[in-house]
Amino acid sequence: DTLTVGQLAELLKRNSSDIIKFLFMMGNMSTINTVLSDDDIELICMEFHCEPHKEIIIEEDDIEEQLGHIEDKEENLVPRPPVVTIMGHVDHGKTTLLDTIRKTNVTGEEFGGITQHIGAYQVNVNGRKVTFLDTPGHEAFTSMRARGAQVTDIVIIVVAADDGVMPQTKEAVDHAKAAGVPIVVAVNKMDKPGANPDRIMSEMAELGIMPEEWGGDTIFTKISAKTGEGVPELLETMLLVADMQELKANPNCLSSGTVIEAKLDKGRGPVATLLVQRGTLHAGDSIVVGSSFGRVRKMTNDRMQEIKHAEPSCPVEIIGLNDVPRAGDVFMAYANYKKAQEIANQRLEKQIEKERNQTSAMSLEDLAKKVEEGDLQEINVLIKADVQGSAEALKASMEKLDVDTVRVNVIRSTVGTISESDIMLAMASNAIIYGFNIRPSAAIRKKAEEEGVQIRLHNIIYKALEELESAMKGMLAPVY
Ligand code: GDP
């Protein structure tokens, strides 16, 4: 498939001379019959803010909307594995069930490779692949849904037969219902003497989850996650429910999907577990996730084996992003690196703009307080930490610091190393950046210095607090 300057001009509804002029400015001589390279096509499209029809590259910035708007032709769709989430009350056996499924449906050799938790894994059930999301608690499910990401096709709700329906069981039912996802109930711990499955059925029926044998449409399976009894039947039921949904995806296009988990790894940088939902993700692809981007430098499956291609419903761990994305963020692959970079930067600017507006909205409120309290001064702080817990602890303690009339205003507190967007935000809001247990790169330190942004690095919380407190004292106007 080749395109000449003349043909592209027609596709873009432009004069050939505009394109020839643009290429000339870029240092390339061309005529109307010059065959364009893919890179030139991308550059031209970028310049003229449009896309050639032969490629699926998406320009709009509302990514969730994009996902909804991409309509694949029926003939391009092929069946894909179901994505399943196991939910239920604490101690009812979710982890045990996941372990049992994994042990009995992954070959011994492969099982040896499962050493690290990546948040999702795939097993073989009767020769068919099934993807399980293995994210602790229900928060991941809720927060992903809150952000518009729908990743689960089926929810298995585990209820211990010797216990009964508990608060988190209800929560799980609510989530599954709200998401419109079919439920399979696993009545667990059937090996226990006190097991009373009828009680579970009637309690679930009270929540509107009516068992099939009572005329409803939810299948209840009796299992023991511990002994494995009934687990094959549960999995078969699950496949049946999946078949009714006719789950399909187009594997032959640029890939998109959702971030399941993400973290900052000291040695490898940002690491993300992605669930591919559309297209095929290839090692080396350029992707945009939220406002971060990069090339997929290395892609591994749930058994820590390096792979080169990942099809729909496949969970993969990737490295190569320039920042840590959030769970629930949508990722998209782009045909070209520059395009990915450009889109990520546009998003970054928008995000900074948004946060800047938020900060000014906040300082408006503070302004009112100032009037009330006299001469209130404020220190803006931006926190970056290696783990969520530290970020939150620092934020909470810093906001509690109160030295006379000076207050701390934490404008951003996230996990990850210091990025360019952090420096830009700090610059825009006159903030100090506190890094906890992280090491910014030399390039970032240089950038901060150039922009006059102060970075303070700590690995002991009270030291960071002590320092900030004395800064606050220093800021106080001298009293005579
Ligand atoms: P989770 O909090 O829902 O992940 O629950 P766990 O899988 O950690 O299980 C909680 C406890 O129940 C553990 O001590 C398990 O060994 C036990 N357990 C789980 N499933 C069964 C079962 O089928 N039978 C029995 N007897 N114990 C079980």
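When a ligand or atom number is given, it counts from 1 through the structure's own listing order.
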Check: What residues sit with at least one heavy atom under 4.0 Å from ligand 1?
Finding: His89, Val90, Asp91, His92, Gly93, Lys94, Thr95, Thr96, Asn188, Lys189, Asp191, Lys192, Ser224, Ala225, Lys226
Check: What residues form a salt bridge (charged side-chain N to carboxylate O under 4.0 Å, His left out) with Lys395, not counting sequence neighbours?
Finding: Glu399
Checklist line | Donor on one side chain, acceptor on other, Asn459 and Asn437, under 3.5 Å | finding: no
Note to self: What verdict does the ring pair (Phe, Tyr, Trp, His ring centres under 6.0 Å) test give for Phe293 and Tyr334, after you've listed the backbone C-alpha separation in whole Å, the side-chain angles of each residue and the deciding distance to 0.1 Å?
What the structure shows: CA-CA 10 Å; Phe293 78 102; Tyr334 286 85; over 10 Å; no
Next item on the list: Please confirm whether Arg102 makes a cation-pi placement over Phe132, using NZ or CZ under 6.0 Å from the six-membered ring centre and within 45° of the ring normal.
Entry: no
Checklist line | By ring-ring contact (aromatic ring centres under 6.0 Å, His included) - contacts of Phe220 (at least two apart) | finding: none
Next item on the list: Check side-chain hydrogen bond (donor to acceptor under 3.5 Å, both in side chains) between Asn345 and all other residues, then give those that pass, not counting sequence neighbours.
Entry: none
